[in-house]
Structure formats: structure tokens, C-alpha cells
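Notes follow once the structure below has been shown.
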Amino acid sequence: MAPKRKPPKKKPAAKRPPRKRPAKQKIQPVEEILFRVEGKMSTFGGPTDTGMSATEGLALFTPADLQEPKYSYLFLPTPPPGTTGLGRRLNPEQNYFACRWNYNDTPREFLRRSLARVENPANGRTADARPVDWGPNVTTGRVADLSPGLAKALALQTDDIVRITISALRATPVKPVKRARPAKGTVPVTQPAAPTKPVIKQFVRSPNCSCRKVGTKIDKIVLHCTEGSLAGALAEFQKTDSRKVSAHYVIDRNGDIYQMVNDSDCANHCMGANAGSIGIEHVGSETDSLAPPQAAASGALIRWLLQEHQIPRTNIFGHDFTPGYCRPGGTSCPDKLFGPVHSQATIAAWVAANV
Ligand SMILES: [Zn+2]
């Protein structure tokens, strides 16, 4: 949303009063974030994890890695009795973790060489850890599984919020290589299923829409921040007497998805770019970031939309950065929902981590 506010939205060049801090502290290296996720966690791996079968392997490592000095420390010297898989052979005291990787964005070989920063946002503790597996299953509502030792070091308990970042500064500088298909034998145990449309809590029809022109392909997704409450957004999009705005979907902080316009129709959410786009509003204020269930719901909806309409992954934009968007003065939308910096790079990093 947000076009109602007056331009200019772009902040003028910084004209701050001089600070007394040493100049050194003002210089911050630019951290290129290659992967980031934040949400609930649990623990996995090691001899006592009976949630893994005795034969279960790991998506990123094979038995050959047991002979590789830079990886062998992740594993116990001998397999626990009765087990043959690498999952139970993980050393639970070492720092490792699993996330639902998209191997197009973060290929296996890249992940194997990466060191991630894992953080407990509640107490600020951080630790370095290695990605070892794909998971947890999306139905758990969690975004990551950590080694028991890592969880303990960060004082995290099951279903606490964790933040995981892989940045160019911390990753071994290898160029991610796109692979058409994974190498034989390294297919993750839990392959993501083809996306289905997430449950729509309610279809609250908006009159502020029109038929798409014949032959117009849906080719982009535009992400918005409501800058107000769910009730406010639903009411605004049903009004016929004012700005006549709308969006296809509105996602509440708790992850509930409301649909207001059929995908096959144009909604009025992004001036100049409505013809071929789907608009998704996320309930939040100007200073909010996405709530974890909201991020999960948005990721699931976007995954389905990408497949349903064959939209390229690169065509997911923040409102202000949408090609064709032409409102004079721009907009501050989607604010800080997807990251602290108002940029398309922030959106792309969020997409890489959550979609
Ligand atoms: Zn917007």
C-alpha cells in the first residue's frame, strides 16, 4: 500500500550533524547477504536422534566426506551401534544445522564450503556453523534444525526464534554454480513436494479490480506493506468511493491469507505495473519486519504463484522497485518488512531465503 503519503519518499542525501565517534566506527563493510532466514528452530542429528532413521543420510555430505579432514570433525569417529547413516553419526557437540535450501540459489557445493552465522535474536549470542542437511519439513512451521550443541551454546530451545545468515564475507568465495539436476546419490531425503495453493482463510471480494487484457501474461509479483491493520486494509480495499485500491492477497501477521481479487483480474496496487502483476499485501507498520508465520505463509503463497503462472523467480519485486511503477515520488512500501534496507537487493535476499 502506501501511495497515499506525500512525496518525496526518497531520503535526501545525508546531512547529519557531525558525530563525536571516531571515524573508524562509521565505516561498515557492505555485507552481501546470500542467504538469510529467521523463524522457529528445533534440533537434530547424532546418536540419540531417533527422529532420524538408522540409515538416514545427509543432503550435503556423503560417507566419502568422513575421510575429508575439513569435514570429518562434524562426525563421530565410529558409527553409533546399529546405525549406518550419516545423520545419526553427526557429532551433536559440533556446530551444524539444516535449512530448506533452494539449490538453484545456494548450490550444494557452495553450501558445503560455507560457514553461516547463527544467532539467537533474543539474547544476541552468535556462533558459526556449517550447513549439513536439507530440512526441516515445511509442515513443522520451523525454518531450521540445529545441532544440540549449537542450540545449547546459543541458549535456544525448540520453537525459539533463530536467525541464520550466510554472507559473502563469511562464505568461501566460490561462485555458485547452477546445476540442472543434483548429482546422483545426493538427493535430499525430504524432497519438497510440488507447491499447492495455501489455504485461503477468507475471500473478501474487492470491487476495485478489472479484467486483465486478453493475452496479458501474469509475469511478476509485487510485495507490499499495509502500513496499518488487517481490518484497515480489508476495509480500504472494499471502498468504492475513495482511492479504489486493492490487492490480490493480504497476509496477516499470524499467517492467515485473505484473497480479495482473482489472479485472473487486475488489482489496483502498483500504479503502472498492474497489468501483469499479482499484488500481495503484508500486514505491518512502517517499522515492522515480517512475523515468522507471515513470512512462512508468504513464501508458500509465492512458491505456488510462481509455479501456477510460470513467473520467473527474478520477477518478485518490492512495490517501490517494480519495473513500470510510475507514481511520482515513489513510495516507502514495502518499508522494513523484508529487511532494514529499502532496496530490491533486500527483497531478492529474502526471496532466496524464504521462497
Ligand atoms: Zn505498496
Side-chain angles (χ1 to χ4, degrees), residues 1-11 204 206-210 212 218-240 242-253 255-263 265-291 294-295 297-299 301-302 305-306 309 311 314-351 354-355:
M1 211 142 76
K4 63 191 170 229
R5 286 209 255 130
K6 284 189 181 160
K9 295 289 159 47
K10 311 273 188 228
K11 289 199 175 95
V204 184
S206 169
N208 304 325
C209 60
S210 54
R212 291 196 198 269
I218 297 172
D219 64 355
K220 58 179 86 72
I221 294 172
V222 182
L223 305 178
H224 300 269
C225 171
T226 58
E227 298 179 351
S229 68
L230 171 72
L234 297 182
E236 179 75 13
F237 295 166
Q238 291 177 86
K239 280 186 196 164
T240 54
S242 57
R243 301 188 298 133
K244 296 195 174 178
V245 288
S246 61
H248 293 88
Y249 300 93
V250 182
I251 305 180
D252 198 3
R253 306 284 300 167
D256 285 345
I257 304 175
Y258 297 80
Q259 186 162 4
M260 301 196 71
V261 173
N262 286 318
D263 291 359
D265 290 333
C266 269
N268 301 335
H269 61 99
C270 189
M271 186 184 287
N274 287 321
S277 67
I278 297 274
I280 305 176
E281 289 278 357
H282 301 78
V283 174
S285 74
E286 288 87 340
T287 54
D288 278 335
S289 43
L290 287 178
Q294 186 179 34
S298 186
L301 176 61
I302 294 170
L305 287 167
L306 291 179
H309 303 296
I311 303 168
T314 46
N315 283 11
I316 303 168
F317 302 100
H319 185 172
D320 198 24
F321 319 111
T322 309
Y325 173 57
C326 64
R327 185 172 183 276
T331 173
S332 57
C333 179
D335 299 288
K336 299 185 186 323
L337 279 183
F338 300 88
V341 180
H342 186 66
S343 71
Q344 180 56 28
T346 297
I347 304 292
W350 181 86
V351 168
N354 292 276
V355 176

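In listed order, ligands and their atoms are each counted from 1.
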- [ ] Measure from the Zn ion (ligand 1) to every N/O/S atom of H319 and report the name of the nearest one.
- [x]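 The atom in question is ND1.
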TODO: Starting from the Zn ion (ligand 1), look over the N/O/S atoms of H224 and name the nearest one.
DONE: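 Nearest N/O/S atom of H224: ND1.
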Open item on the list: If only side-chain N and O atoms count, and only distance matters, is there a donor-acceptor pair under 3.5 Å linking S332 with E227?
Closed with: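 Their side chains do contain a donor-acceptor pair, which is all the 3.5 Å distance test asks for.
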Task: Test item: side-chain donor near acceptor, H269 and S277, under 3.5 Å - done: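 On atom types as modelled, these side chains qualify, holding a pair under 3.5 Å.
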TODO: May I ask you to check whether C270 brings an N, O or S atom to under 2.8 Å from the Zn ion (ligand 1)?
DONE: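 Checking the Zn ion (ligand 1) against C270, no N, O or S atom falls under 2.8 Å.
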- [ ] May I ask you to check whether C225 brings an N, O or S atom to under 2.8 Å from the Zn ion (ligand 1)?
- [x]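 So C225 does not bind the Zn ion (ligand 1) by this criterion.
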- [ ] Report yes or no: does S246 contribute a side-chain atom to a donor-acceptor pair with the main-chain N or O of N208 at less than 3.5 Å?
- [x]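 Yes; judged by distance alone, with no hydrogens or angles, the pair exists.
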- [ ] Classify the angle between the aromatic ring planes of F321 and H342 as parallel (below 30°), tilted (30 to 60°) or perpendicular (above 60°).
- [x]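 Answer is tilted, since the angle falls between 30° and 60°.
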